[in-house]
Amino acid sequence: MARAFVFPGQGSQAVGMGKELAEAFPVARQVFEEVDSALGQNLSALMFEGPGDELTLTENAQPALMAVSMAVIRVLQDKGLDLAATCSYVAGHSLGEYSALCAAGALSIADTARLLKTRGKAMQQAVPVGEGAMAALLGLDLEQAQAVAAEAAEGDVCEAANDNAPGQVVVSGSRAAVERAVKIAAEKGAKRAMLLPVSAPFHCALMKPAAEVMAAALAEVSFQAPVVPVVANVIARAESNPAVLRDLLVQQVTGSVRWRESVLWLKDQGVTSLVECGAGKVLSGLARRIDKEVSGQALNTPADIDAFLASLA
């Protein structure tokens with residue numbers, strides 16, 4: 001059975017995440033200390049104790065989610081797991097692509113933490129608060145959602161930002177255009193169309209200033225070839241060339257997260273098991289919605305890790 005390790009994106013954060021891992025495993029604590037040190041910030045205290053509104057800030061949530069994902073990976077490796085022998089591919093949702101690259105050895109934990117801090121700040125600052133928005137259109141497929149976004153734009157930016165699963169597409173752009181999209185989607189038969197509680201319009205053309213910041217930041221960082229191929233969001237297929245992977249991360253800031261297509265591409269390569277490493281269970285939940293033959297399993301507690309390792313024995 002071929003499997004892929006997958007890594008969650010923003011929205012999976014919750015106060016207390018990673019705490020159980022830190023208490024159970026010294027190697028997990030080391031990951032959190034490494035991230036704290038790289039950022040010059042006691043991010044782990046914020047993750048373990050809150051407050052939630054501060055943890056949810058994009059510049060905190062992004063490196064925090066990566067830290068939990070990497071804590072899981074380091075614990076697995078400490079217990080003898082060889083990533084390249086255990087999975088065929090890695091993939092991550094939006095910021096999770098950075099976690100995937102880090103897990104596969106393309107980036108160091110310290111560099112990944114700093115990149116995500118920079119990315120979070122840049123995405124937040126790209127559009128003044130209140131001027132952008134994102135909305136989930138439920139019950140429409142990608143082409144229908146793209147048609148809604150095009151009709152709603154009226155000269156503003158409105159684009160399909162995340163294709164998460166069949167009938168679950170998120171649009172992003174100027175607030176007025178996204179609000180129009182919510183109305184149009186309802187008229188076109190969406191089961192639900194609702195604005196999302198996000199602080200900026202991610203993965204659309206309005207993020208161009210953030211893409212420029214990330215191009216400069218990524219140019220300064222050392223990229224290695226990953227030990228397993230990384231399925232990139234913007235192309236929905238695997239890539240192993242470090243220079244190309246770097247460029248795809250820049251494109252990803254304004255590009256669409258093609259998660260549904262990525263999972264279907266993995267399925268076409270024979271992958272039937274997605275192992276979600278990190279906070280929450282969003283991606284494992286999406287797995288069967290995308291394809292009934294693909295199973296999802298979330299690893300975020302010591303018990304999860306022990307059960308997964310036992311299943312490999």
Side-chain angles (χ1 to χ4, degrees), residues 3-14 17-18 21 28 31-32 34-35 43 47 58 60-77 81 83-84 86-113 115-117 119-120 162 164-165 202-203 223 226-240 245 248-249 252-253 257-263 265-266 271 273-287 290 294-301 304-305 308:
R3 68 173 67 81
F5 279 20
V6 297
F7 299 87
Q10 211 161 328
S12 289
Q13 68 276 358
M17 67 183 197
L21 295 171
V31 169
F32 299 132
E34 206 175 327
V35 170
L43 184 64
M47 290 158 56
T58 301
N60 292 327
Q62 295 201 17
L65 284 160
M66 180 278 298
V68 180
S69 289
M70 284 310 300
V72 171
I73 291 292
R74 286 288 168 89
V75 170
L76 289 169
Q77 290 173 326
L81 179 132
L83 190 81
T86 311
C87 71
S88 307
Y89 300 94
V90 291
H93 190 286
S94 189
L95 83 90
E97 190 166 310
Y98 286 77
S99 306
L101 285 159
C102 188
L107 290 168
S108 72
I109 286 180
D111 281 341
T112 310
L115 284 169
L116 285 172
K117 187 80 175 175
R119 184 178 183 267
N162 298 5
N164 289 329
F202 305 129
H203 299 292
F223 263 72
V227 296
V228 291
V230 181
V231 179
N233 287 181
V234 294
I235 56 173
R237 64 177 187 275
E239 180 55 64
S240 291
L245 286 164
L248 290 169
L249 286 179
Q252 192 223 58
V253 179
V257 176
R258 296 167 60 186
W259 190 253
R260 177 186 59 85
E261 290 175 84
S262 296
V263 173
W265 184 89
L266 285 166
V271 170
S273 170
L274 301 185
V275 181
E276 182 173 10
C277 301
K281 299 180 176 179
V282 171
L283 301 181
S284 357
L286 291 175
I290 295 171
V294 179
S295 66
Q297 177 180 9
L299 307 185
N300 52 38
T301 67
D304 293 339
I305 289 171
F308 175 67

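The first residue of the sequence shown is numbered 1, and numbering continues consecutively from there.
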**Report entry** Over all atoms of both residues, closest heavy-atom pair of Pro229 and Ser88
**Finding:**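 Closest approach of Pro229 to Ser88: CD-O, 3.4 Å.
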Requested in this report: Determine whether Leu65 and Ser99 make a side-chain contact, defined as any pair of heavy atoms from C-beta on separated by less than 4.5 Å.
Outcome: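 No, side chains not in contact.
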Requested in this report: Check the side chains of Gln297 and Ser273 for a donor-acceptor pair under 3.5 angstrom, ignoring hydrogens and angles.
Outcome: no
**Report entry** Pairwise side-chain contact, Val228 with Cys87, heavy-atom cut-off 4.5 Å (strictly under)
**Finding:**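 In contact.
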Requested in this report: Would you indicate whether the side-chain heavy atoms of Glu239 and Leu248 approach each other to under 4.5 Å?
Outcome: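 In short, these two side chains touch, coming nearer than 4.5 Å.
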**Report entry** For Pro63 against Leu116, the heavy-atom pair lying closest together
**Finding:**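 Between these two residues, the closest heavy atoms are N-CB, 3.9 Å.
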Query raised in the report: Do the side chain of Glu261 and the main chain of Ala236 share a donor and acceptor less than 3.5 angstrom apart?
Result: no
Query raised in the report: Does any N or O in the side chain of Gln252 come within less than 3.5 Å of the main-chain N or O of Ser94, such that one atom is a donor and the other an acceptor?
Result: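 Pair found, side chain donor or acceptor close to backbone of Ser94.
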Requested in this report: State, with a plain yes or no, whether a side-chain heavy atom of Ile109 is found less than 4.5 Å away from one of Arg74.
Outcome: yes
Query - Pairwise salt bridge (charged side-chain N to carboxylate O under 4.0 Å, His left out) hits with a residue in residues 91-110, at least two apart - result: none
Report task. May I ask you to decide if Cys277's main-chain N or O and Ser69's side chain share a donor-acceptor pair within less than 3.5 Å? Result -> yes
Query raised in the report: With sequence neighbours excluded, what pairs up with Thr86 under the side-chain hydrogen bond (donor to acceptor under 3.5 Å, both in side chains) test?
Result: none
Query raised in the report: Where is the tightest heavy-atom contact between Glu276 and Pro8, given as atom of each residue plus distance?
Result: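 The answer is OE2-CB, 3.6 Å.
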Query raised in the report: With a 4.5 Å limit on heavy-atom distance, are the side chains of Val230 and Tyr89 in contact?
Result: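 Val230 vs Tyr89: side chains apart.
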Query raised in the report: Where do Met47 and Val68 land on the side chain to side chain contact (heavy atoms under 4.5 Å, CB included) test, with the steps shown first?
Result: CA-CA 9 Å; Met47 290 158 56; Val68 180; 3.6 Å; yes
Query raised in the report: About how many Å separate CD1 of Ile73 and CG of Leu81, when rounded to the nearest 0.5 Å?
Result: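 One finds 7.5 Å between CG of Leu81 and CD1 of Ile73.
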Query raised in the report: Closest approach of Ala67 and Val35, non-hydrogen atoms and distance?
Result: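 It is CB-CG2, 3.9 Å.
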Query - Gap separating the CG atom of Leu95 from the CZ atom of Phe7, nearest 0.5 angstrom - result: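 It is 11.5 Å, given to the nearest 0.5 Å.
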Query raised in the report: Hey, which of Val75, Asp304, Leu21 is the one that makes side-chain contact (heavy atoms from CB on, under 4.5 Å) with Leu299?
Result: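 Of the listed residues Val75, Asp304, Leu21, the side-chain contact (heavy atoms from CB on, under 4.5 Å) partner of Leu299 is Asp304.
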Report task. Taking the side chain as every heavy atom from C-beta outward, state whether Val294 and Val271 have any pair of such atoms under 4.5 Å apart. Result -> no
**Report entry** Closest heavy-atom pair and its distance - Ala298, Ser284
**Finding:**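 Taking every non-hydrogen atom into account, CB-OG, 3.5 Å.
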Query raised in the report: Is there a side-chain contact between Phe5 and Val72 (heavy atoms, below 4.5 Å)?
Result: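 Phe5 vs Val72: side chains apart.
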Requested in this report: Starting at OH of Tyr98, measure out to CG of Leu107 and round the result to the nearest 0.5 Å.
Outcome: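 Rounded to the nearest 0.5 Å, the OH-CG separation comes to 8.5 Å.
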Query raised in the report: Which atoms form the tightest heavy-atom contact between Gly278 and Asn300, and what is the distance?
Result: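 Smallest interatomic distance, heavy atoms only, reads O-CB, 2.8 Å.
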Report summary line: Rounding to 0.5 Å, atoms CD (Gln62) and CD (Gln10) come to a distance of 5.0 Å
Query - Point-to-point distance, once rounded to the nearest 0.5 Å, from CG of Leu249 to CG of Leu101 - result: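 Taking CG in Leu249 and CG in Leu101, the distance rounds to 5.5 Å.
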Query - Short side-chain to backbone donor-acceptor contact, Asn233 and Trp259, under 3.5 Å - result: no
Query - Worked check of side chain to side chain contact (heavy atoms under 4.5 Å, CB included) between Leu274 and Leu283 - result: CA-CA 8 Å; Leu274 301 185; Leu283 301 181; 5.9 Å; no
Query raised in the report: To the nearest 0.5 Å, what is the distance between NE2 (His203) and CZ (Arg258)?
Result: 13.5 Å
Report task. Ignoring hydrogens and angles, tell me if any N or O in the side chain of Glu34 forms a donor-acceptor pair with the backbone of Phe32 under 3.5 Å. Result -> no
Query raised in the report: When Lys117 is tested against each of Thr58, Thr112, Asn60 for side-chain contact (heavy atoms from CB on, under 4.5 Å), which residue passes?
Result: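 So, applying the side-chain contact (heavy atoms from CB on, under 4.5 Å) to Lys117 and each of Thr58, Thr112, Asn60, only Asn60 qualifies.
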